[in-house]
Amino acid sequence: MKLGKAFYQHEDAVFMARALLGKVLVTRISGLLTSGIITEIEAYAGIRDKASHAFSNRYTSRTAPMYLNGGIAYVYLIYGIHSLFNIVTAPAGIPHAMLVRAIHPLNGLDIMQERRSSKHSKDIAGGPGKVSQALGIHYSDSGEDLQGDKIWIEDRGIVPHADEILSGPRIGVDYAGKDALLPYRFIYHYNA
DNA sequence: TATAAGATTTACT
DNA sequence: GTAAATCTTATAT
C-alpha cells in the first residue's frame with residue numbers, strides 16, 4: 001500500500017505529477033490520522049524551470065531537500081503565513097518537486113475541520129496552504145522521509161481515467177516568464 | 001545587518 | 001473585486 005522509494009525515482013517531472021494523481025496522502029501528526037486523495041498537483045522541474053526554487057541550480061538551506069533522493073517532503077513557508085507541501089522526486093542531485101494543491105478528504109475529516117476552523121467542509125483542502133493546514137503539516141517538516149510513520153503516500157488502487165484529468169498553466173508563477181506558460185498543472189476530477 | 005519579495009488565504013468594501 | 005495579513009529566505013550592502 002505505502003509507496004516505496006522506487007516509485008519516486010522517475011526523472012520525468014510531468015510523468016511523476018500524473019502518476020501521483022489519485023494517490024492517497026496520509027499524515028499521522030500528534031497521534032491524529034488524516035488522509036486524502038491527491039486531486040490537484042503541479043510539477044516543478046528542477047534547474048531548468050524558472051518557477052522552481054531550484055532554478056539555475058540554486059542551493060540553499062531551504063532548497064536542500066529537493067536535491068536529495070526522491071521520496072521525501074519539501075515544505076516551505078510562503079507569504080509569512082502558509083506552509084506549502086511538496087513531494088520530492090527523481091534521484092539525488094536532480095531537484096524535482098511536486099506541489100500538492102488540493103486533496104479530497106478520506107480519513108479524519110473532523111480533525112481537518114477543527115484544524116482549519118472552517119464550516120465549509122467542501123473547501124477544507126482546496127488550495128496548497130489549506131492542504132498543509134488540514135493535514136497538520138508544518139514547514140519544519142521539510143526533509144521528512146515519506147517512508148516513515150509521520151507523512152506518507154499510499155496506493156489504494158484509484159487510477160484516474162484519462163478523461164478525468166485536465167492540465168494547464170501553473171498558478172501564481174507569473175514572474176517565471178515563459179516557463180509560467182508550461183502546462184505543468186494537473187487536475188483530477190474525482191467522482192466520489 | 002538590511003531590504004525586498006513571495007508555489008496564498010481571508011476578510012472586507 | 002480589492003487589499004491586508006505576516007515572516008522567512010534570498011540577495012545585496
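All chains are named by letter (A, B, ...) in the order of the sequence lines, taking the proteins before the strands, and each is independently numbered beginning at 1. Atoms considered below: every heavy atom in the structure, side chains included; atoms not considered: hydrogens, waters and symmetry mates.
Side-chain atoms of A/Tyr175 lie closest to B/dA7 of the nucleotides B/dT10, B/dA7, C/dA10. For A/Lys130, the listed nucleotide lying nearest its side chain is B/dT10; candidates were B/dT8, C/dA10, B/dT10. In this structure, the nucleotide among C/dT8, C/dA10, B/dT9 sitting nearest to the side chain of A/His82 is B/dT9. Here the nucleotide nearest the side chain of A/Ile81, chosen from C/dT6, B/dA7, C/dT9, is C/dT6. Of the listed nucleotides (B/dT8, C/dT8, B/dA7), B/dA7 has the atom at the smallest distance from the side chain of A/Ser52. Residue A/Tyr79 has its side chain nearest to B/dG6 when only B/dG6, C/dC7, B/dA7 are considered. The nucleotide whose nearest atom lies closest to any side-chain atom of A/Thr60 is, among B/dT10, C/dT9, B/dA7, C/dT9. Checking C/dA10, C/dC7, B/dA7 against every side-chain atom of A/Ile78, the shortest atom distance belongs to B/dA7.
The shortest distance between side-chain heavy atoms of A/Phe85 and A/Ile103 does not fall below 4.5 Å.
In a base pair of the Watson-Crick type (N1 to N3 plus N6-O4 or O6-N4) or a G-U wobble (N1-O2 and O6-N3), with each distance short of 3.5 Å, B/dT1 is matched with C/dA12. Remark: C/dA3 base-pairs with B/dT10; criterion is Watson-Crick or G-U wobble with both hydrogen-bond distances under 3.5 Å.
Across the protein-nucleic acid pair, A/Met98 atom CE and B/dA7 atom C1' stand 13 Å apart, rounded to whole Å. In this structure, A/Phe85 places its CZ atom 18 Å from C1' of B/dT8, rounding to the nearest Å. At whole-Å resolution of the value, CG in A/Asp123 and P in B/dT10 are 7 Å apart. One atom, NE2 of A/His53, and another, P of B/dA5, lie 15 Å apart when rounded to the nearest Å. In this structure, OH of A/Tyr139 is placed 15 Å from P of C/dT6, rounded to the nearest angstrom. Between A/Ile38 atom CD1 and B/dA7 atom C1' the separation is 16 Å, expressed in whole Å. Counting to the nearest Å, the C1' atom of B/dA7 and the CG atom of A/Leu181 are 16 Å from each other. Distance CG (A/Leu84) to C1' (C/dC7): 15 Å, rounded to an integer number of Å.
Side-chain N/O atoms of A/Tyr76 and base N/O atoms of B/dA7 include a donor-acceptor pair closer than 3.5 Å.
No more than 12 heavy atoms of other residues, nucleotides or ligands sit less than 6.0 Å from atom CZ of A/Phe15. Crowding of A/Arg18 atom CZ: a count of heavy atoms from other residues, nucleotides or ligands under 6.0 Å not exceeding 12.
With hydrogens and angles left out, the side-chain atoms of A/Tyr44 and A/His53 include no donor and acceptor closer than 3.5 Å. Under 3.5 Å, the side chains of A/Gln133 and A/Arg115 contain no donor-acceptor pair of N or O atoms. Side-chain contact, A/Asn86 with A/Glu42: no donor N or O sits under 3.5 Å from an acceptor N or O.
At a threshold of 4.0 angstrom between heavy atoms, the contacts of A/Leu99 include nucleobase atoms, whether or not backbone atoms are also involved. No contact: A/Arg170 has no heavy atom under 4.0 Å from any strand. Base contact: A/Tyr44 has a heavy atom under 4.0 Å from a base atom.
Side-chain N/O atoms of A/Arg58 include none lying less than 4.0 angstrom from OP1 or OP2 on C/dT9. The side chain of A/Arg62 places an N or O atom within less than 4.0 Å of a non-bridging phosphate oxygen (OP1 or OP2) of C/dA10.
The same atom, C1', is picked in C/dT6 and in B/dT3; the two are 16 Å apart, to the nearest Å.
C/dA4: glycosidic angle beyond 90° from 0, hence anti.
Where A/Tyr74 and A/Gln133 each meet DNA chain B at their nearest nucleotide, the meeting point lying more 5' is that of A/Tyr74.
Aromatic ring centroids of A/Phe186 and A/Tyr188 lie 6.0 Å or more apart.
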